[in-house]
Amino acid sequence: MTAIGWIQIILYCAIVVALVKPLGWYMTRVFNGERTFLSPILRPVEAGIYWIGGVDERREQHWLTYTVAMLLFHVGGFLIIYALMRLQAVLPFNPAEQSAVAQDLSFNTAISFITNTNWQNYGGESTLSYLVQMLGLTHQNFLSAATGIVLAVALIRGFSRASLRTIGNFWVDVTRCTLYILLPICVVYALFLVWQGMPQTLGPYVDATTLEGAKQTIAVGPVASQIAIKMLGTNGGGFFNANAAHPFENPTALSNFVQMISIFALGAALTNVFGRMVGNQRQGWAILAVMGVLFISGVAVTYWAEANGTTALHALGLAGGNMEGKEVRFGIVASSLFAVITTAASCGAVNAMHDSFTALGGMIPLINMQLGEIIVGGVGAGLYGMLLFVVISIFVAGLMVGRTPEYVGKKIEAREVKMAMLAILVLPLMYLGWTAVAVVFPPAVASMANAGPHGFTEVLYAYTSQTGNNGSAFAGLTGNTPFYNITGGVAMFVGRFFMIIPAMAIAGSLAAKKLHPASAGTFPTTGGLFVGLVVGVILIIGGLTFFPALALGPIVEHLAMNANTLF
């Protein structure tokens with residue numbers, strides 16, 4: 001660990017925090033239907049979309065109607081991606097003449113991209129055509145990210161409104177999010193990435209001759225346009241199999257740093273949107289502080305573990321930290337920071353292979369995902385996931401002060417607490433349940449590259465990543481098998497939608513309630529006491545439901561790798 005390393009971490013955090021207010025202000029205006037500097041250009045386009053779709057932008061929806069519209073929207077997205085992959089061989093823009101994708105892999109990938117998971121049991125450059133990458137995957141990168149954002153906004157409306165039965169209009173929200181927020185930023189972002197050296201072409205793969213005289217095929221394609229929304233929308237699912245470790249997806253140290261900022265930018269800004277919509281920006285800063293405490297703690301542990309290496313590595317004469325599997329261009333600090341960011345923000349992009357991290361260094365990404373991607377999290381998903389923990393925390397606070405729990409003027413009652421617990425507990429049910437099946441099912445065991453604690457962690461990481469809609473992998477597991485494709489698809493579907501539906505039920509319930517002004521007995525929700533309470537509740541729930549299984553892999557492996565020091 002070095003001073004330069006910590007300066008880089010501090011600079012990153014400072015830039016993200018500096019972006020929170022301006023982005024939060026702009027996003028609030030967009031979702032409130034107010035005029036922005038892009039309105040003269042985009043308002044006619046927006047109105048045209050409503051006219052074509054038959055949408056009345058003034059008509060709002062009940063929470064159930066809003067949720068059903070979202071589900072039907074994703075059914076359409078699934079069918080589009082699945083059909084494109086199955087028909088790939090006969091469709092245009094396929095210069096590498098990729099064949100049709102197998103049924104089970106098409107199923108897994110289609111579920112992956114509609115759920116904002118972007119899990120890859122395939123190598124993008126060796127499996128998919130340009131058309132599938134653009135029309136299928138990039139298209140869903142925009143829409144799945146927009147969906148997460150608008151669902152968070154719908155839940156915010158539940159807190160900010162009083163005595164109403166509606167929480168907005170899904171079709172209007174997703175249109176505005178895509179038109180006014182995601183597309184404009186990605187146009188500029190993609191041009192920046194091209195400037196940094198990222199390919200953006202429909203030309204064929206390039207044949208080159210190496211210094212040894214061998215022929216090498218270099219994959220290129222419409223990369224920058226996909227990577228821009230991949231990072232901004234916390235999608236993962238890179239154009240290339242190696243993701244952000246590939247030089248064409250991450251050409252320079254500057255592109256690496258900007259990509260890290262873009263992953264957190266919108267998710268962090270949504271906390272400010274929350275504060276603005278409920279009429280108290282301090283509420284948003286308090287939630288961001290909770291996220292910050294968990295994030296900095298995770299970065300510190302991962303950076304320490306990777307910078308110090310292990311006794312086993314030292315015995316081989318490998319001093320100076322664990323560089324195994326890491327990009328020399330970025331070093332330990334950037335790789336550690338990237339790993340924590342992507343697993344905190346539900347983004348599967350990696351610039352170093354997590355399978356090569358030390359046991360404790362790999363444990364932090366696993367913890368981040370098992371907590372439900374709430375540390376900033378996927379765009380939108382992180383905020384509504386955190387608000388579920390806030391609901392439970394306020395319920396605990398109400399018991400402490402001996403009165404009905406209240407948060408931003410809304411009484412938190414049995415219905416909200418039950419829905420929050422249902423959404424949170426469905427996550428361990430998926431990844432612990434499928435891991436238990438996989439480690440005893442012979443075809444699944446055969447896909448494990450490693451035995452013992454590390455092999456167990458590979459399987460647990462895979463199902464945790466998919467259930468948490470993250471998409472990163474330990475890379476030591478052969479996931480492209482019928483068993484892992486089908487069970488992983490189920491885990492991604494349940495992890496996304498079985499969390500969303502209870503959250504929308506909470507939004508509808510809260511929107512119908514009256515606002516109650518704070519009194520002397522109201523638990524404070526903007527100071528350090530509130531931050532500590534929420535962090536404590538998160539860790540307690542994690543300790544009871546997630547961490548016992550987690551410790552079986554990484555901690556045992558850490559003890560084994562440092563046995564000479566410990567014993």
For the residue pair [X] and [Y], establish whether any side-chain heavy-atom pair is separated by less than 4.5 Å.
{"X": "I181", "Y": "Y26", "result": "yes"}
{"X": "Y130", "Y": "V220", "result": "yes"}
{"X": "I167", "Y": "E60", "result": "no"}
{"X": "V299", "Y": "C13", "result": "no"}

Return the set of residues passing side-chain hydrogen bond (donor to acceptor under 3.5 Å, both in side chains) with [X] (not counting sequence neighbours), or none when no residue passes.
{"X": "E97", "answer": "none"}
{"X": "R86", "answer": "none"}
{"X": "Q133", "answer": "Q226"}

Would you say [X]'s side chain and [Y]'s backbone share a donor-acceptor pair under 3.5 angstrom?
{"X": "T464", "Y": "L366", "answer": "no"}
{"X": "N250", "Y": "N256", "answer": "yes"}
{"X": "S39", "Y": "R43", "answer": "no"}
{"X": "E249", "Y": "F239", "answer": "yes"}
{"X": "R276", "Y": "Q281", "answer": "no"}
{"X": "S465", "Y": "A462", "answer": "no"}

Next on the checklist: Can you classify the ring geometry of F257 versus Y12 as parallel (below 30°), tilted (30 to 60°) or perpendicular (above 60°)?
Outcome noted: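 Rings of F257 and Y12: perpendicular, over 60°.
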Checklist entry - With under 30° as parallel and over 60° as perpendicular, where do the rings of Y82 and F78 fit, or are they tilted in between? => result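 Because their plane-to-plane angle is under 30°, the rings of Y82 and F78 count as parallel.
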Item to check | Step-by-step side chain to side chain contact (heavy atoms under 4.5 Å, CB included) determination, L155 to L383 | outcome: CA-CA 9 Å; L155 182 55; L383 180 62; over 6 Å; no
Checklist entry - Yes or no on ring pair (Phe, Tyr, Trp, His ring centres under 6.0 Å) for F295 and F264, after CA distance, side-chain angles and deciding distance? => result CA-CA 11 Å; F295 174 68; F264 263 21; 5.1 Å; yes
Once rounded to the nearest 0.5 Å, what's the spacing between atom [atom1] of [X] and atom [atom2] of [Y]?
{"X": "I41", "Y": "Y180", "atom1": "CD1", "atom2": "OH", "result": "10.0 Å"}
{"X": "M386", "Y": "F274", "atom1": "CE", "atom2": "CZ", "result": "11.5 Å"}
{"X": "Y303", "Y": "W6", "atom1": "OH", "atom2": "CH2", "result": "7.5 Å"}
{"X": "I80", "Y": "L143", "atom1": "CD1", "atom2": "CG", "result": "8.5 Å"}
{"X": "I229", "Y": "Y189", "atom1": "CD1", "atom2": "OH", "result": "10.0 Å"}
{"X": "S129", "Y": "F93", "atom1": "OG", "atom2": "CZ", "result": "10.0 Å"}

Checklist entry - Are side-chain N/O atoms of T252 and Q196 paired as donor and acceptor at under 3.5 Å? => result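 Note: T252 and Q196 side chains meet the donor-acceptor criterion.
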Checklist entry - E46 and Y50: side-chain donor and acceptor closer than 3.5 Å? => result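 Indeed, the side chains of E46 and Y50 share at least one donor-acceptor pair under 3.5 Å.
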Distance-minimising heavy-atom pair for [X] and [Y]:
{"X": "L388", "Y": "A423", "result": "CD1-CB, 3.6 Å"}
{"X": "T115", "Y": "M492", "result": "CG2-O, 3.8 Å"}
{"X": "R157", "Y": "D173", "result": "NH1-OD2, 2.8 Å"}
{"X": "V223", "Y": "Q200", "result": "N-OE1, 3.4 Å"}
{"X": "Y463", "Y": "G488", "result": "CE2-N, 4.2 Å"}
{"X": "M499", "Y": "G495", "result": "CB-O, 3.7 Å"}

Item to check | side chain to side chain donor-acceptor pair (under 3.5 Å), paired with N118, selected from T234, N141, T109 | outcome: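 In the set T234, N141, T109, the residue that makes a side chain to side chain donor-acceptor pair (under 3.5 Å) with N118 is N141.
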Checklist entry - Should R496 and T147 be marked as a side chain to side chain contact (heavy atoms under 4.5 Å, CB included) after you check the CA-CA gap, both sets of side-chain angles, and the distance that decides it? => result CA-CA 11 Å; R496 178 74 162 180; T147 298; 4.2 Å; yes
Checklist entry - How about W195 and F192: are their ring centroids closer than 6.0 Å? => result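 Yes, the ring of W195 comes within the 6.0 Å limit of the ring of F192, centre to centre.
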Item to check | side chain to side chain contact (heavy atoms under 4.5 Å, CB included) between Q370 and L427, intermediate numbers included | outcome: CA-CA 8 Å; Q370 290 195 341; L427 303 180; over 6 Å; no
Checklist entry - Around atom CZ of F498, are there more than 12 heavy atoms of other residues, nucleotides or ligands at under 6.0 Å? => result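 Atom CZ in F498 is not packed in, count stays at 12 or less.
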Next on the checklist: Would F240 and Q120 count as a side chain to side chain contact (heavy atoms under 4.5 Å, CB included) here? Give the steps.
Outcome noted: CA-CA 10 Å; F240 299 100; Q120 291 179 275; over 6 Å; no
